[in-house]
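What follows is a single structure, written as structure tokens, with notes after it.
If you read the sequence from its start, that first residue is 1, and numbering goes on from there. The shown structure was predicted, so the numbers you read here are calculated from the model rather than taken from an experiment.
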Amino acid sequence: MGPVRAEIEIDAPRERVFEVISDLALRSTFTEHFISDLRLSRIESTGVGAAARFRFFAPPQALWMETQITRVDAPHRLSERGRGGRGNRLTSATEWELTEGPGPLMTLRVVYWTEPTHPLDRAKEKLGGSSVWYRRDWQQALRRLRDMVESGAPDGERVAVAGGNRLTTGIP
């Protein structure tokens with residue numbers, strides 16, 4: 001599937017928006033309408049190497065996908081690469097770009113694409129019309145992110161790694 005782009009202007013500091021999008025533990029707070037069952041693959045949820053696995057709903061199917069942060073240029077760009085689908089044969093990429101906008105606004109762009117390697121996966125993408133769903137879902141995710149950041153609301157519940165050490169409160 002070719003690149004799907006979504007863009008929005010946000011009235012918030014670029015650093016704050018970058019902090020939210022670069023933390024995979026917070027990803028489900030603004031993408032839960034098309035991404036579910038998000039689980040971190042590593043304890044550290046930010047920075048190069050942070051990874052997560054999730055179910056990505058794109059009718060007519062829901063695929064298990066994983067993503068890993070591969071490049072961080074704070075607070076300008078974040079790159080992710082992933083795999084998923086049957087036998088992890090569907091590669092994907094997500095690029096986040098933050099630029100100064102007009103006046104106090106900043107512009108956030110997300111570009112998402114997949115590269116199916118198997119003929120069956122290519123056929124599913126062509127017949128399913130998934131790019132329409134992806135575009136709509138990413139645009140809604142950006143609106144939810146904007147509302148969350150501009151309202152100054154808490155980030156929401158963070159996803160944690162199963163079996164990770166719990167923080168102690170000083171009690172032996």
Pairwise side-chain contact, Val110 with Ile21, heavy-atom cut-off 4.5 Å (strictly under): no
Side chains of Thr46 and Leu24: closer than 4.5 Å at any heavy-atom pair? no
Can you name the nearest heavy-atom pair linking Phe57 to Ala62, along with the distance? CD1-CB, 4.1 Å
Distance check, rounded to the nearest 0.5 Å: Phe34 atom CZ versus Gln140 atom CD? 8.5 Å
Is there a side-chain contact between Val111 and Trp138 (heavy atoms, below 4.5 Å)? no
Could you tell me if the side chain of Phe56 sits less than 4.5 Å from the side chain of Ile35, heavy atoms only? yes
Okay, side chain of Ser92, backbone of Trp113: is any donor-acceptor separation there less than 3.5 Å? no
Please walk me through it: do Arg135 and Asp137 pass salt bridge (Lys or Arg N to Asp or Glu O under 4.0 Å)? CA-CA 6 Å; Arg135 185 174 298 110; Asp137 287 338; over 6 Å; no
So do Arg71 and Glu80 actually touch side chain to side chain, heavy atoms under 4.5 Å? no
For a side-chain contact (heavy atoms from CB on, under 4.5 Å) check, start with the C-alpha distance between Leu145 and Val20, then their side-chain angles and the critical distance, and finish with the verdict. CA-CA 9 Å; Leu145 173 66; Val20 173; 3.5 Å; yes
Please step through side-chain contact (heavy atoms from CB on, under 4.5 Å) for the pair Val149 and Arg16, ending with a clear verdict. CA-CA 8 Å; Val149 172; Arg16 171 70 180 125; 4.0 Å; yes
Closest heavy-atom pair, Leu78 versus Arg27, reported as atoms and distance to 0.1 Å, is CD2-NH2, 4.2 Å
Using the salt bridge (charged side-chain N to carboxylate O under 4.0 Å, His left out) criterion, which residues pair with Glu100? Sequence neighbours excluded. Arg14
Intermediate values then yes/no, side-chain contact (heavy atoms from CB on, under 4.5 Å), Val72 and Phe18: CA-CA 10 Å; Val72 176; Phe18 188 83; 3.6 Å; yes
I'd like to check Asp23 versus Leu26 (side-chain heavy atoms, cut-off strictly below 4.5 Å). Are they in contact? yes
Distance (rounded to the nearest 0.5 Å) between Asp37 CG and Arg53 CZ: 11.0 Å
Between Arg83 and Glu66, is there a side-chain N and carboxylate O pair less than 4.0 Å apart? no
Would you compute the distance between atom CZ of Phe54 and atom OG of Ser41 and round it to the nearest 0.5 angstrom? 10.0 Å
Can you give me the closest heavy-atom contact between Pro75 and Glu15, atom names plus distance? CG-OE2, 3.8 Å
Value for OG (Ser28) from CZ (Arg39), rounded to nearest 0.5 Å, stands at 11.5 Å
With a 4.5 Å cut-off on side-chain heavy atoms, are Val17 and Leu108 touching? yes
With salt bridge (Lys or Arg N to Asp or Glu O under 4.0 Å) as the test, would you mind laying out the steps for Arg81 and Glu95 before giving the verdict? CA-CA 9 Å; Arg81 297 294 179 265; Glu95 295 287 331; 2.9 Å; yes
Side chains of Thr70 and Val48, heavy atoms from C-beta outward: is any pair under 4.5 Å? no
How close do Met65 and Gly85 get, heavy atom to heavy atom, and via which atoms? SD-N, 3.9 Å
Could you walk me through whether His76 and Leu98 pass the side-chain contact (heavy atoms from CB on, under 4.5 Å) check? CA-CA 5 Å; His76 307 287; Leu98 297 89; 5.8 Å; no
Would you list the atom pairs, donor with acceptor, under 3.5 Å between side chains in residues 6-13 and any protein atom, with sequence neighbours excluded?
residue: Glu7; atom: OE1; partner: Arg109; partner atom: NE; Å: 2.9

Using 30° and 60° as the class boundaries, would you call the ring planes of Tyr134 and Tyr112 parallel, tilted or perpendicular? tilted
